[in-house]
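This structure is a prediction, so every number in the text was calculated from the model and none was measured. Each ligand, and each atom within it, is numbered from 1 in the order the structure gives.
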Amino acid sequence: MKVSQRVQAVPPSATIAVTSRAKEMKAQGIDVLSFGAGEPDFDTPQFIKEAAIESLNKGQTKYTPAAGIPDLRKAIADKFLKENNLKYAPEQVVVNLGAKHSVYMAMQATLDPGDEVLLPTPYWVTYPETIKLAGAKAVVLETTEKTEYKITPEQLRGAIGPRTAMLVLNSPNNPGGFCYSPEELKALAKALEGTQVLVLSDEIYERLIYGQTRFVSFASLSEDAYGRTLTINGLSKSYSMTGWRLGYTAGPTEILKAMARLQDHVTSNPVTFTQYAAIAALKDTTGAVEKMRTEFEKRGKVMAERLNAIKGISCMQPQGAFYCFPDVSSHFGRTLGGTAIKDSMDFAAALLEQKQVAVVPGAPFGSPRNIRLSFACSLEHIEKGIDRIREWLS
Ligand SMILES: *Cc1c(COP(=O)(O)O)cnc(C)c1O
């Protein structure tokens, strides 16, 4: 039996080697401390669960319009206006089955074979694959710690060619934990003026920002930015609703209409009772998100401080999301516990085998000098785990 060339080109997740080995070790009863989590460790707030239960009890268990129920599309449009200073009509909003699905659908609806997509490092591992599945080609823009892993307007301008169709922006960033300032984004928006480039702005970590960090939606920066941006967001990370599968896309009417048309034939509507729960979540007055954000902020601070206290590790204070992304490359070339550490893959594998600490190597994110540690876990877990890393490296 043959597998399509399209899917053959999709490799198994390069991050999976470490995570599946960690699971295997845990199953054997080994005390593994994992920093691999890509989702919040909190339960979904109770009022959201209750809205879903109420919806089920009311019999809201059938198909809805493919693009989402009108009340939810309106609630999302209201959210954009109130929180992001963005005016979208409900017709400009499509509800998807998670923001990952939003990214896939947005690319399917806008990219053609031969198109190039600018993809800054470090990038979420899903983007290169969804770009490929749309027939397009990723053009990677390298960044370093010197610019806080952000691209510059000069770099952006220099990378745009006749085939450039899209720029992918993800701020606050997974895995980098950084967030572009409004001024930095304005400069990028300016660099795009007069070009044909569409921006896919993945704003899933919007509500999880720390310290003095300010968040703005890329599309809100100017009329020009508004006209060329697909804004993607969802409930998974802010509301701790990863299993509910709800994301959404907003942008130019023509593109959103095309996405709705496509969705009709791919998935039909997002889960019906999830949509009703999402209306309740978006109208939250309980401060549930803020409570989780405060907790993440404390943990991120402790994690970065402890990492920076280790010789040869350099870690930015996280500005958003729930990841530290330290540069550990000064340890490459060493031999630890009999194992030669050449790169981030060796580093993560040896750390797991020798100290039972699971981290994600940076290479699959396009940043081979780094490792990713999630702080979606308790403070105690963070302190114990980083102690082990320090012992290992000293
Ligand atoms: C988690 C994540 C998403 C998508 O999450 P969904 O659960 O599909 O809504 C999208 N982008 C980034 C960068 C993420 O980390």
Novice: Between Asn96 and Tyr104, do the side chains contain an N or O donor and an N or O acceptor separated by less than 3.5 Å?
Specialist: no
Novice: In a check of side chain to side chain contact (heavy atoms under 4.5 Å, CB included) between Val103 and each of Asn170, Val168, Thr130, Ile131, which one passes?
Specialist: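 Result for side chain to side chain contact (heavy atoms under 4.5 Å, CB included) with Val103: Thr130.
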Novice: Check whether the ring centres of Phe80 and Tyr88 lie less than 6.0 Å apart, and answer yes or no.
Specialist: yes
Novice: Any luck finding a side-chain donor-acceptor pair between Asp224 and Ser222 under 3.5 Å?
Specialist: no
Novice: Under a 4.0 Å heavy-atom cut-off, which residues neighbour ligand 1?
Specialist: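 Lining ligand 1 at under 4.0 Å, by heavy atoms, one finds Gly98, Ala99, Lys100, Trp124, Tyr127, Asn170, Asn174, Asp202, Ile204, Tyr205, Ser236, Lys237, Arg245.
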Novice: Do the ring planes of Phe325 and Tyr149 sit parallel (below 30°), tilted (30 to 60°) or perpendicular (above 60°)?
Specialist: perpendicular
Novice: Are Arg293 and Glu290 close enough for a salt bridge, meaning some N to O gap below 4.0 Å?
Specialist: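 Between Glu290 and Arg293 there is a salt bridge, with a charged N closer than 4.0 Å to a carboxylate O.
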